[in-house]
There are 2 protein chains.
Amino acid sequence: MYTLDQVRCFLAVAEELHFGRAAERLNMTQPPLSRQVQKLERAVGVPLLERDNRHVELTTAGTVFLEEARRLLTAADAAPALARKIAAGRAGVLRLGFTAASGFSLLGTLVQEITDFMPDVDLDLQELVTIEQIEAIRRGELDLALGRPPFDQESFDSRLLLSEDLVLAVPPGHALTRLDRPVTAADLRDQPVVGHHPTKARYFYDMVVRYIAVEHGNVVHVVSQILTMCSLVAAGRGVAFVPESARLLGLPGVTFVELDVPHGVVELHAIWDRSSKNPALHEFLRYLHPSS
Amino acid sequence: MYTLDQVRCFLAVAEELHFGRAAERLNMTQPPLSRQVQKLERAVGVPLLERDNRHVELTTAGTVFLEEARRLLTAADAAPALARKIAAGRAGVLRLGFTAASGFSLLGTLVQEITDFMPDVDLDLQELVTIEQIEAIRRGELDLALGRPPFDQESFDSRLLLSEDLVLAVPPGHALTRLDRPVTAADLRDQPVVGHHPTKARYFYDMVVRYIAVEHGNVVHVVSQILTMCSLVAAGRGVAFVPESARLLGLPGVTFVELDVPHGVVELHAIWDRSSKNPALHEFLRYLHPSS
DNA sequence: TTGCTTGATACTCGGAATGCATCAGTTCCC
DNA sequence: GGGAACTGATGCATTCCGAGTATCAAGCAA
């Protein structure tokens, strides 16, 4: 079995792609570093790095192991911190994930409310896209997510926090800003579109497919974050479908026009594992559902 | 910093609530176990166990650390297993490009076969024309392409997957449907033709130039996708040369007549970079060439 | 060719973990 | 009340592992 030190060694080498520099970063010399990585590879059972007597590069297995290694080390660092916080008499820790987009809208007020209502609870905030949040909850690395459907209704409970409109982000002075009616699919026939990633931003992708049949050939970029979309719009690369709260970004070079879609279609939910035993989470849920 | 062994020691003690039995379970003697747990507690910074000279019990911090510890060890066990699976090609990602036309014919069965043969491999599908696929492979953004010649035989390996006939798409009731012999170039002298794009659909363009000398002036549209061609035929804009599998589209307003060209001239190849290191690709190739 | 770079290996040394023996505190029972 | 039994901690000798130094081997450049 391998040790965390070996994982740390591997991480440094994988990031530097150079044993000498990695050793320097770890405050050790190169030979023991080589041996530690060799040991790790023997423990894992497959080569993680390909050494070329001149260059070092990750194998495919090494690439995915690197991801796991990062998570492992993060968890290894977080565990004692968590234990210390508990021991220090704090009421607990609430690990809250949020999407970049929800950060603009209600994250601020929500954090304020939580700290008011549960002043002794430490809040750990992490920005992740929805699926990553769901995965993190499933792995027990997160207590509460601010995300969008779909998610497994079996294992997760949720509550709708916010409904907002889907609007079209366009550069200022764009022809569509001069329309005095909501933009329809027909208006977009010849518009380059900055599209959503079909899996990472599945919620928006599905919504756009459903309400606005965008010509496949019009999609000029595929991205997963609202902020990136707006930047691309500002750069004149096309128009984009974004939640109304993107206005709060205050980005120059972007303005927003109404779309011919139902109001309030963009939903933001609080999502949690119904089997979680974190007392801080339950305390928060009591605040969220004052009834129950 | 602590080690995974220390965590394993703590886990055993926390579960047994007895140093002696925990030591037995870990195949070690009791004194070093005590010291390992002490070390872990020093690393974490707070007591995790309360020893009572008669009983052992978890502190509050110990309880939450126990949970984290379990997760940590699970992740530490899972990571190498995952890496081994990746290296064996039994898991991972296979990025598969396909032309719209190949989508109608064998993409479905191929995808089915891949998911049967390599159930843990994620398939990323992307529709691109052949040259874009080749470029994507060259840039390392795609592992496998379903495309048509020509492509650089130096850097790419390939395998013929399908040969089919070139047929003529015409509107139903068209004069050429009443011929009782294959259509020849002469029959097309006065027909408006929906033509292929000379670079984006070079394979079909070259093939048509080679087998049927179409009058230049007859070409009323130049498009690069079979589906677009068929739609234009259905709209009565002309006739078009398409692979027989376009029948599978089931488009109303289009029927197909035989052409006086050799059978099986439309080829579809699986194409890949012979220097690719993706184990999932190699696993798939083993499936494709059971011989080698 | 020579010299430089880079990762692997040989060897020695110091620190850490192990196991044995033992201690110290508690509980139980006669 | 006192000794036996039990439990976790500690002292000590041994062993083992990992670190550092020196060096090697392979590839590349001039």
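Atom set for the values below is all heavy atoms of this structure, side chains included, hydrogens, waters and symmetry mates excluded. Quick caveat, the model's predicted, so the values are computed rather than measured. Lettering follows sequence order; numbering is per chain, from 1.
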Exercise for the section: Could you list the residues that satisfy side-chain hydrogen bond (donor to acceptor under 3.5 Å, both in side chains) with B/His269, not counting sequence neighbours? Expected result: B/Glu267
Side-chain atoms of residues 30-37 of chain B: list all donor-acceptor pairs with protein atoms under 3.5 Å, sequence neighbours left out, distances to 0.1 Å.
| from | atom 1 | to | atom 2 | distance (Å) |
| --- | --- | --- | --- | --- |
| B/Gln30 | NE2 | B/Ser34 | OG | 3.0 |

Practice task
Please list all pairs passing the ring pair (Phe, Tyr, Trp, His ring centres under 6.0 Å) test where one or both residues lie in residues 19-64 of chain B, with sequence neighbours left out.
Solution key: none
Completion exercise
Residue set satisfying side-chain contact (heavy atoms from CB on, under 4.5 Å) with B/Arg70, at least two apart, ordered chain then number -> B/Leu11, B/Glu15, B/Leu66
Handout entry: Non-neighbouring partners of A/Asp143 that pass side-chain hydrogen bond (donor to acceptor under 3.5 Å, both in side chains), sequence neighbours left out
Key = A/Arg95, A/Asn278
Fill in the blank from the handout: Sorted by number, residues from residues 3-30 of chain A placing a heavy atom under 4.0 Å from DNA chain D are A/Met28, A/Thr29
Handout entry: For A/Thr63, side-chain hydrogen bond (donor to acceptor under 3.5 Å, both in side chains) partners two or more places apart
Key = none
Practice task
Please list residues of residues 36-52 of chain A whose heavy atoms come under 4.0 Å from any atom in DNA chain D, ordered by number; otherwise none.
Solution key: A/Gln36, A/Lys39
Problem - Counterpart residues, ring-ring contact (aromatic ring centres under 6.0 Å, His included), relative to B/Phe10 (two or more places apart) - result: B/Phe65
Exercise for the section: Write out all pairs satisfying salt bridge (Lys or Arg N to Asp or Glu O under 4.0 Å) with one or both partners inside residues 115-124 of chain B, taking only residues at least two apart or from two chains. Expected result: B/Lys85-B/Asp120
Practice task
Just jot down the side-chain hydrogen bond (donor to acceptor under 3.5 Å, both in side chains) partners of A/Ser102, sequence neighbours excluded, or say none.
Solution key: A/Thr99
Completion exercise
Contacted region of DNA chain C by chain B, from 5' end to 3' end of the hits, cut-off under 4.0 Å to heavy atoms, spans C/dA16 to C/dT27
Handout entry: N/O donor-acceptor pair under 3.5 Å between A/Gln6 side chain and A/Thr3 backbone
Key = yes
